[in-house]
Amino acid sequence: MTGTAADFVWLAPLLALAGFVLNGALALWRPAAKTAVSVIGVGVLVGAFVVAVLTFRAFAGLETDVPLLFRYWSWMPVGELQLDVALQVDQLSTVMLLVVTGVGSLIHLFSVGYMREDPGYARYFAYLNLFVFFMLVLVLGANFAVLFVGWEGVGLCSYLLIGFWFTETVNADAGRKAFVVNRIGDFGFLLAMLMIFWATGSLDFGAVFGQAPAAFDAGGAAITGITLLLFLGCTGKSAQIPLYTWLPDAMQGPTPVSALIHAATMVTAGVYLVARCGVLFALAPLSSAVVAGTGALTALFAATIALKQWDIKRVLAYSTISQLGYMFLAVGTGGAAMAAGIFHLATHAFFKALLFLGSGSVIFAMHRAYHATHSPEDAQDMRNMGGLRRFMPWTAMLMWIATLAIAGVPFFSGFFSKDEILAAAFARGTVHPQWLVFWAIGLVAALLTAFYMTRLMLYTFHGPNRTGERERQHLAEAPWMMTGPLLVLGVLSAVGGLLNLPALWGGNAWLHHWLEPVTESAVVDAVPPLSHGTEWVLVGIAVAVAVLGVVGAWRLLKPAGLVPAREAPAERGFQRVLRNKWYVDEIYDALIVRPIVWLSREVLWKRVDQRLVDGAGVNGAARAARAWGALGTRLQNGQVGVYVALFVVGVLLVLWRAIG
Amino acid sequence: MYERWALTALLVWPLVAGLGVMVLPAPRARAAALVASLVEFAISAPLWWTFVPDGGMQFLADYAWIPAWGIRYTVGVDGISLFMVLLTTFLMPLSVLGSWNIPRRQPAFFGLLLILTTGMIGVFVSLDLFLFYVMWEVMLIPMYFIIGVWGGDNRLYAAIKFFIYTMFGSLLMLVAILALYTAAGRATGTYSFAYTHLLSQATQPGPTAWWLFGAFFLAFAIKVPLFPFHTWLPDAHVEAPTAGSVILAGILLKMGTYGFLRFALPLFPGVALHETVQFAIVALSLVGIIYGGLVAMVQPDFKKLIAYSSVSHLGFVMLGIWALTLQSVQGALLVMINHGISTGALFFLVGMIYERRHSRMIDAYGGIARVVPLFAAILTVVSLSSIGLPGTNGFVGEFLVLLGAFRHYPVATAIATTGVIIAAAYLLWALQRIIFNPLTDPENERLTDLTPRELLVLVPLLACIVWIGVYPKPFLRRMEPAARALIEQVRPAPLP
Amino acid sequence: MLLGPALAISAVLFTLGVAGVLLRRNVIVIFICVELMLNAVNLTFVALSQHLGVGGQVFVFFVMAVAAAEAAVGLAIILAVYRHQRSVDLQNMRLLKG
Amino acid sequence: MSLDPTRYGDLALILLPELVLTGWALIVLLFVAWRHETARDLRITGWLTFAGFVATAGAVWWLWWRVAHAAGLAGMIAVDDFRWACDWIFLGAAALTVLLSFRYLEREQLLAPEYYVLLIFATLGMMIMAGGADLMVIFLGLELMSIAVYVLAGFDRRRARSAEAAIKYFLLGAFASGFLLYGIALVYGATGTTNIVLIGVQLGFAGRPGVMLLAGLALLLVGFAFKVAAVPFHAWAPDVYDGAPTPVTAFMATGVKAAAFAALFRVLLEGFAPLDVWRHIVWWLALVTMIGGNLLALGQRSVKRMLAYSSVAHAGYLLVAVAAEGTAAFLVYLAAYTLMTLGAFAVLAAKGREGESEVTIDDLSGLGGQRPWLAFAMAVCMLSLLGFPATAGFIGKWYILLAATQAGENLLAAALVVTSVVSAGYYLPVIMAMYMKPESSEAAHVDVRLGRTAAVAVALMTAGILILGVWPNRLFDLARTAGDSVRPANTLSAPPSGARPGN
């Protein structure tokens with residue numbers, strides 16, 4: 001207890017939970033009460049944001065390096081295991097708290113407009129509130145187990161929201177896929193927890209991180225195993241290779257959900273976890289390299305796929321995977337780059353949320369247009385769009401801001417954060433050469449990012465309109481309830497870089513210093529700072545790459561030559577491989593899913609269980625007994641002669657046994 | 001007063017009430033049964049508060065029964081059996097309420113349910129091996145009738161399979177009990193079936209101890225059920241009426257694991273902790289977890305799916321028991337309780353939808369969340385509890401088991417942990433095919449949502465799901481001394 | 001009379017009786033074979049009683065009485081069967097089997 | 001009360017039960033000589049017979065209560081608790097059979113009161129078998145019993161099946177008697193005596209047993225194995241049980257079998273205790289009988305044949321008691337077995353017509369709904385036969401298992417329980433049919449009637465099964481003292497254990 005507003009941090013998750021309970025009840029019994037739902041749904045989030053701000057101010061005012069711990073009740077007290085339900089307020093969690101409640105509030109607001117007509121309105125807000133609750137538990141949890149509650153809880157909400165329109169099989173499939181794939185990651189998380197507990201005797205962050213340097217040999221098998229398993233969890237939650245496949249499918253959910261869960265908050269939980277466990281990763285250089293390498297590779301790989309997607313949300317989904325890869329590259333690099341990762345997390349939350357919500361606006365408009373003419377066309381296919389800037393100028397303008405930000409065009413928020421990551425990777429590369437490779441990959445990915453984002457904007461908002469004659473009459477800008485939040489996000493995307501304006505640009509790197517209490521313990525080994533000259537060169541390369549990407553796309557792509565989706569010819573060659581996402585889903589399906597189902601059904605169930613154990617074993621024994629009985633009764637044929645013979649045989653046997 | 005008579009009252013009351021209910025006219029029988037089961041619960045409720053967590057047996061009652069053989073009526077509970085008793089008395093009123101509209105011969109059905117209660121509680125409180133054995137077998141009969149008379153199409157096969165399977169194991173246990181009795185009698189000169197007496201003579205590994213352990217193992221393994229002794233379970237679960245399935249899964253299966261905790265481990269610590277036995281049992285638990293989950297995944301029948309998922313869950317319990325750490329044993333106990341609650345609730349839900357639609361096939365449904373949102377919501381919550389989502393009871397139990405087991409069997413625990421993936425795969429897939437996906441069958445359009453009575457059955461279970469998930473301490477606190485005592489008894493010196 | 005040969009002869013007689021029961025099908029013949037067995041035993045008793053006193057001879061009388069009772073009852077039963085079957089061949093008596 | 005068999009008065013007391021019953025038999029015989037026309041005569045004879053059994057039981061009780069025992073040298077008849085206990089079981093079985101017969105005989109038009117006389121003589125034979133301390137006495141008792149039962153089996157002579165049962169039983173029974181008798185002769189030749197106690201004394205002193213003795217013992221065992229229907233000497237049992245009138249079948253399955261076992265116990269434990277070879281033989285017989293009886297019963301559809309085979313299986317369980325020398329266990333099991341077998345046959349008799357061979361298990365379908373009490377009695381009997389806890393059958397089986405484990409015969413105990421599991425495969429379908437299958441037609445069970453006396457008997461048996469299942473204490477005390485009274489005469493023969501001949 002500090003006697004400050006931070007003591008009331010529990011109010012934030014509790015408000016969200018209350019929102020869930022109330023909206024859930026409304027969803028079941030009064031689904032038509034949409035006004036009440038909106039007030040509750042948005043109200044609790046705004047309330048939580050206020051709590052977050054107050055907590056942040058109070059905590060900042062304390063000027064302490066020690067996390068604030070709030071224990072509420074004893075959860076699992078068993079022997080040496082003493083798990084409490086406890087929250088922790090420190091520099092990292094306050095940043096996350098602000099991002100989650102801030103972006104969350106905007107997206108809730110946007111949803112009021114976006115979901116207005118949906119019959120599942122109340123259910124939607126109930127799920128969304130529940131998500132925020134779990135997300136807050138995740139970022140505030142003071143031990144691994146509480147964090148895990150949030151971790152799986154957000155997965156659950158993601159599952160429910162992806163499959164929100166559950167009467168379509170694809171949607172329900174996508175939700176389930178998300179949950180199951182995440183569970184694979186959670187398997188790693190769970191095992192890591194077990195190993196951590198038996199190594200350090202605790203699951204509390206403070207105790208574990210305090211004891212880690214003593215409990216583990218640096219670079220030893222135990223710590224490497226733990227961190228790799230933790231990272232397995234992160235690859236699931238944050239959609240990294242090899243578990244990223246669920247995220248593109250997750251776009252089946254309502255678009256604000258994609259913005260909130262699958263871009264801004266939940267998917268960054270993995271980054272948060274690695275940052276949180278920086279101490280552990282610092283002890284395991286191999287794991288750090290794996291994290292950074294996986295991040296870099298994912299960044300590149302997802303970007304290649306994004307090049308050839310036609311679905312506007314899928315482009316953004318792969319873009320998200322790619323950007324998350326950057327964040328992992330950052331947190332895997334360690335030390336100061338941790339802060340860069342969190343920085344990118346924040347800026348990405350702004351511009352990606354903006355992009356998703358913007359695309360939501362577009363889809364909203366397209367959908368309305370097609371709906372008005374009862375046309376069965378795909379409202380999300382960019383080939384059906386084109387020239388939309390004339391109909392929705394605000395959206396177009398705001399999305400351009402976000403595009404420039406993500407492309408890394410100077411002075412937009414993404415420029416600073418991405419540049420910092422690449423610079424950190426390069427710096428680490430001066431000590432560990434493999435980071436130079438990661439840096440190079442990151443650079444190529446940046447180029448591709450600029451390219452495919454420009455492509456997206458070009459096809460959507462520029463060139464001729466391909467929507468169709470009659471539909472065109474119905475295209476219009478979204479209501480203010482939706483453009484309002486976009487505006488806020490646009491501002492943040494533009495100026496978000498101020499959060500952590502590096503010294504190079506005359507800033508004081510505020511976020512960097514703020515997070516120092518958390519990141520300083522995660523320093524791997526001393527990396528000599530880059531000279532200003534090198535830094536300028538790197539900035540130059542990054543800017544060149546971004547500009548090259550944007551301009552290249554602008555020059556190379558001809559939106560005028562596109563035909564609407566239904567008339568478009570199939571892709572050929574490598575384009576087709578990209579279009580089909582390198583066939584990874586198919587490969588997973590053929591190598592893992594189908595064999596397991598086949599094994600379970602044909603071998604384990606039908607052969608082993610039904611034929612072998614139950615058939616040959618159990619019923620076989622019964623049948624055998626009956627067969628022997630039937631055989632015996634054939635001797636019992638009513639003939640006295642046979643009975644006498646049996647008798648005499650018996651006599652002989654008894655005599656033999658007695659005398660012999 | 002309460003101390004001495006509580007358990008006896010718990011045993012006598014349902015028997016008497018059950019016989020009484022049987023002769024009542026049909027419309028009044030169910031109400032009487034509900035009252036009787038609530039009274040039973042009321043009798044048992046003070047156990048929760050008056051129980052002192054000290055590791056010893058409490059509420060002891062001890063009277064001579066057949067002195068010629070040293071058979072006594074000895075009952076008592078400790079931190080292990082307390083929860084089994086409470087789980088039983090908790091589930092019984094719900095089962096009665098859940099079978100409110102059971103067709104045909106209602107008085108007999110509710111009477112048998114109550115008599116079954118006596119048998120089940122008897123198993124958990126008996127501290128005399130003769131009494132234990134009698135209770136263990138006696139409870140078969142009502143269950144046999146419940147499956148055989150009120151079950152599904154294939155009920156006769158399921159009933160006789162259930163009966164013979166269980167009997168096969170338990171009769172060999174009977175021989176083992178007798179051999180144990182004889183051996184202890186020879187060694188001490190006192191011939192007695194008292195648990196404490198036989199426990200004090202717990203034998204060191206020798207050829208006999210191996211055989212005796214084998215007999216006990218078989219009896220309990222069938223009940224648990226461990227692979228490959230599990231095939232009675234899918235049939236019995238599927239064919240039994242709702243209350244039968246709930247009790248089978250909720251309580252009867254726990255008798256197997258309870259038997260391991262109470263008898264097989266403490267009586268034969270040398271054999272039970274022998275390397276080969278440890279390996280075999282841990283391996284079988286793993287097979288149960290993985291195999292049960294995989295087979296559950298491909299079941300077209302929802303009840304069968306739940307049945308196989310029980311195999312999987314009980315695998316966790318066995319792993320927890322054999323790991324013999326404080327966390328794993330308490331986790332195993334919690335999983336036992338949780339499984340009773342979650343799987344019980346699942347069976348109730350299947351039963352409720354079955355009453356409306358007369359199909360247990362997953363394919364028969366789809367998209368019904370739109371028609372019956374309340375049902376869908378509760379089914380979702382219960383399924384999540386069953387797959388161990390943190391914040392629900394399922395997580396606490398499984399987490400403790402895995403945490404505890406990891407200490408002694410890291411590799412096995414790692415394999416067991418994959419069970420959480422499989423659980424999500426099979427249950428969510430089934431969930432999707434039932435409540436999500438397009439609503440294709442017009443019959444499903446006409447489904448009606450849960451009635452207040454059905455809600456009354458489910459709400460207590462949901463409350464427990466959340467309670468144990470969020471604040472399991474009251475449970476853990478009460479079971480810890482008993483778990484500690486058990487571990488010290490079996491494994492006096494900690495492993496190196 | 002020597003004990004050994006007497007016992008041997010009675011054993012042979014007994015075996016003959018058994019063989020007769022085993023091989024014949026006519027109820028009357030079988031019954032006579034059973035009587036042969038009993039009489040073989042009687043011979044044994046008589047032979048033994050040379051050494052062991054009168055006990056054996058007393059037994060013979062008992063056995064004869066029993067055999068007579070058996071014969072009376074047995075023939076009555078055979079008659080009852082004959083009424084149904086019109087035959088005393090055992091091969092026809094197979095209503096009861098399985 | 002010490003009784004000296006050399007004094008006539010005491011001898012009369014020793015034989016008091018047999019004398020009472022013999023006298024009664026003669027009176028009944030006289031009575032039926034001039035009253036044998038109507039159903040009423042039959043009923044009177046029945047009650048007269050019942051009274052006779054009660055009176056005899058009273059005589060037995062008096063001797064038992066006075067702790068009668070023989071003084072002086074070994075006599076031809078034993079005076080011990082074992083005999084009284086067995087007598088009670090025989091008399092109980094016989095009396096219950098009488099109660100079951102009233103309605104049955106009238107229904108099947110078997111209006112010959114000689115039926116009851118034969119029943120009395122058969123019972124008398126049993127009592128002599130159980131009391132016989134001399135092989136010759138046992139033989140005479142056995143023949144008395146057998147000849148009466150041969151006739152009873154064919155009592156329904158109008159039915160071909162009954163006649164066939166009689167002829168089969170008679171031929172095979174006489175054949176087996178020949179073996180038994182030959183065995184007695186050989187034992188007599190080897191030991192010079194037929195007195196069981198003296199045989200025991202002889203064997204205690206003798207060295208390695210000769211071929212004659214062993215062959216004699218083997219043939220004795222064969223003779224008894226036939227009477228108890230042990231595999232492979234069981235083949236007559238299913239056919240005869242099937243063909244005989246059902247109350248007679250019940251009496252055979254209980255009384256006849258019990259008497260043969262009682263005699264076997266006395267012969268083996270008092271006479272041949274020093275010889276080990278019979279233990280091996282009985283061990284094998286028990287094993288084969290349990291397996292064979294249970295497997296054979298598994299394939300039956302006819303309830304009566306199923307019960308016949310089941311009684312073969314139960315002979316196997318009783319042989320386990322013999323192998324384990326568990327006299328008390330034997331008595332307890334016998335008491336339970338008598339109750340449950342009689343009960344099952346009684347219900348069957350109520351259901352069936354004309355010998356009941358045709359009643360299949362499925363014919364009982366729906367009995368639980370239409371005749372709940374009858375079905376309940378049948379269910380209790382089935383569960384008891386299965387050895388289910390809270391029934392007398394369980395207590396009996398438990399005791400036999402206990403005896404087996406205490407004798408170190410764990411394997412036999414395991415075989416017993418495993419074969420018991422098999423038996424669930426044919427007992428349970430009966431319950432299943434009664435309660436879980438619908439009746440074939442509305443009128444399927446309308447004419448199922450026990451009759452008043454049989455109803456009382458069945459109620460008594462059901463109650464007895466349940467009460468003994470929960471509170472067997474008194475039965476145990478009786479059985480233990482009775483069982484302990486059958487022991488080798490160790491006062492005379494006391495070779496150090498392990499130095500027994502034939503080891």
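Given the structure is predicted, the values throughout are model-derived calculations rather than measurements. Just so you know, these numbers use all the heavy atoms, side chains as well, and skip hydrogens, waters and symmetry mates. Residue numbers begin at 1 in each chain, while the letters A, B, ... track the order of the sequences.
- When D:V422, D:L172, D:I167, D:L285 are compared by the number of non-hydrogen pairs under 4.5 Å with chain A, D:L172 comes out ahead.
- Interface remark: D:A225 contributes no atoms to any contact with chain A (heavy atom separation under 4.5 Å).
- With chain D as the partner, the residue from A:A630, A:G632, A:G638 showing the most heavy-atom pairs under 4.5 Å is A:G638.
- In this structure, OG1 in A:T633 is found 9.0 Å from CZ in D:R305, a value given to the nearest 0.5 Å.
- To the nearest 0.5 Å, the span separating CD on D:Q300 from CD on A:Q636 amounts to 8.5 Å.
- Ring geometry, A:F647 versus D:F233: the interplanar angle exceeds 60°, so the pair is classed perpendicular (tilted spans 30 to 60°).
- Across every non-hydrogen atom of A:A658 and D:A218, the tightest pair is CB-CB, 3.7 Å.
- Here the shortest heavy-atom pairing between D:A215 and A:I659 reads CB-CD1, 3.8 Å.
- Note that CG of A:L646 is 14.0 Å distant from CH2 of D:W236, once rounded to the nearest 0.5 Å.
- Residue contact with chain A, scored on non-hydrogen atoms closer than 4.5 Å, involves the backbone and the side chain of D:L296 alike.
- If you measure heavy-atom distances from D:Y426 to chain A, you find no contacts under 4.5 Å at all.
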**A:V648 and D:F175: CA distance, side-chain angles, deciding distance, side chain to side chain contact (heavy atoms under 4.5 Å, CB included) verdict** = CA-CA 10 Å; A:V648 172; D:F175 181 63; 4.2 Å; yes
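- Interatomic distance, CD1 of D:I291 versus CH2 of A:W628, reported as 10.5 Å (0.5 Å rounding).
- In this structure a side-chain-to-backbone donor-acceptor pair under 3.5 Å is missing from A:R657 to D:H280.
- Considering all non-hydrogen atoms of both residues, D:L295 and A:A625 come closest at CD2-O, 3.5 Å.
- Atom CH2 of D:W284 is surrounded by 12 or fewer heavy atoms from other residues, nucleotides or ligands within 6.0 Å.
- The structure places CH2 of A:W656 at 10.5 Å from CD1 of D:I281, a figure rounded to the nearest 0.5 Å.
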